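First comes the structure, then the notes that go with it.
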Amino acid sequence: GDSVTQMEGPVTLSEEAFLTINCTYTATGYPSLFWYVQYPGEGLQLLLKATKADDKGSNKGFEATYRKETTSFHLEKGSVQVSDSAVYFCALSEGGNDMRFGAGTRLTVKP
Amino acid sequence: SQTIHQWPATLVQPVGSPLSLECTVEGTSNPNLYWYRQAAGRGLQLLFYSVGIGQISSEVPQNLSASRPQDRQFILSSKKLLLSDSGFYLCAWSVRRGQLNYGYTFGSGTRLTVV
């Protein structure tokens, strides 16, 4: 079945460092791909999404490109801030069906 | 605009007691509704989803149940809580247009501690 694998955390970076969180997926067709962010004690918020190959989703300085050839959707940010500390979830949905989430990656940014 | 309300925010319940968590959505009709559980430091586990009133699909067998008595209301219940039911429960909704899923909107979650 469809699944998502994302890099295990925790990830600890200094402020202004470059961030990459890897995400790869397995699907039978052409899924939509998502990144969600969960701040401490809160629900998940949609960060960005891409619905077809080569689409780039972007929001709040974060970017991810839908790579069908490598079945990947890596999350990147050029300069992280302390306020970016959160848990990040990669997810996919195929055919409009329920979403499959990765295990989540905890990011801590230190000043 | 669409909003989702989930309550209570925190709950401490003794083992063996009943549970009822409620989720309501405003500003949309006929949403798909979901209950997820997030155990401490772990990912999301889909518990139930519903595509319409009275239609409930269960992903995992357990002592929890779900009901959808109205179009925009989704309830998670248990007759007798177990210690292992502790976790962070999240309700979510989505609208499906054709074959595309435009993403889920999550509630703020309920932290349940069973003691």
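Since the structure is predicted, the reported quantities are computational estimates derived from the model, not experimental observations.
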May I ask whether [X] and [Y] are part of the same hydrophobic cluster, defined by side-chain heavy atoms of I, L, V, M, F, W, Y residues being less than 4.5 angstrom apart, directly or through others?
X	Y	result
B:Val25	B:Ile53	no
B:Trp93	B:Ile75	no
B:Leu83	B:Val60	yes

Exercise. Looking at A:Gly104, A:Ala91, A:Gly43, which makes the most heavy-atom pairs under 4.5 Å with chain B?
Worked result: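 Looking at each of A:Gly104, A:Ala91, A:Gly43 in turn, A:Gly43 comes out on top.
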
Exercise. Is the CD atom of B:Gln73 crowded by more than 12 outside heavy atoms at less than 6.0 Å?
Worked result: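 Yes - once you tally the heavy atoms of other residues, nucleotides and ligands closer than 6.0 Å, there are more than 12.
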
Problem set entry | Enclosure of A:Glu16 CD (heavy-atom neighbours >12, cutoff 6.0 Å) |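 Incorrect, the count does not exceed 12.
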
Problem set entry | chain B contact via A:Gln38 - side chain, backbone, both or neither, heavy atoms under 4.5 Å |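 Contact with chain B involves the side chain of A:Gln38 alone.
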
For this session: Measure the CZ-CD distance between A:Phe101 and B:Gln38 for me, rounded to the nearest 0.5 Å.
Result: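 Answer for the CZ-CD pair, A:Phe101 versus B:Gln38, is 10.0 Å.
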
For this session: Rounded to the nearest 0.5 Å, what's the gap from CZ on A:Arg100 to CG on B:Leu46? Could you check?
Result: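 Answer for the CZ-CG pair, A:Arg100 versus B:Leu46, is 6.5 Å.
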
Exercise. Do the two ring centres, one from A:Tyr36 and one from B:Phe106, sit under 6.0 Å apart?
Worked result: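 Judged by ring-centre distance (under 6.0 Å), A:Tyr36 and B:Phe106 do meet the cut-off.
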
Exercise. Of B:Tyr34, B:Tyr104, B:Tyr49, which meets side-chain contact (heavy atoms from CB on, under 4.5 Å) against A:Met99?
Worked result: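 Among the candidates, only B:Tyr104 passes.
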
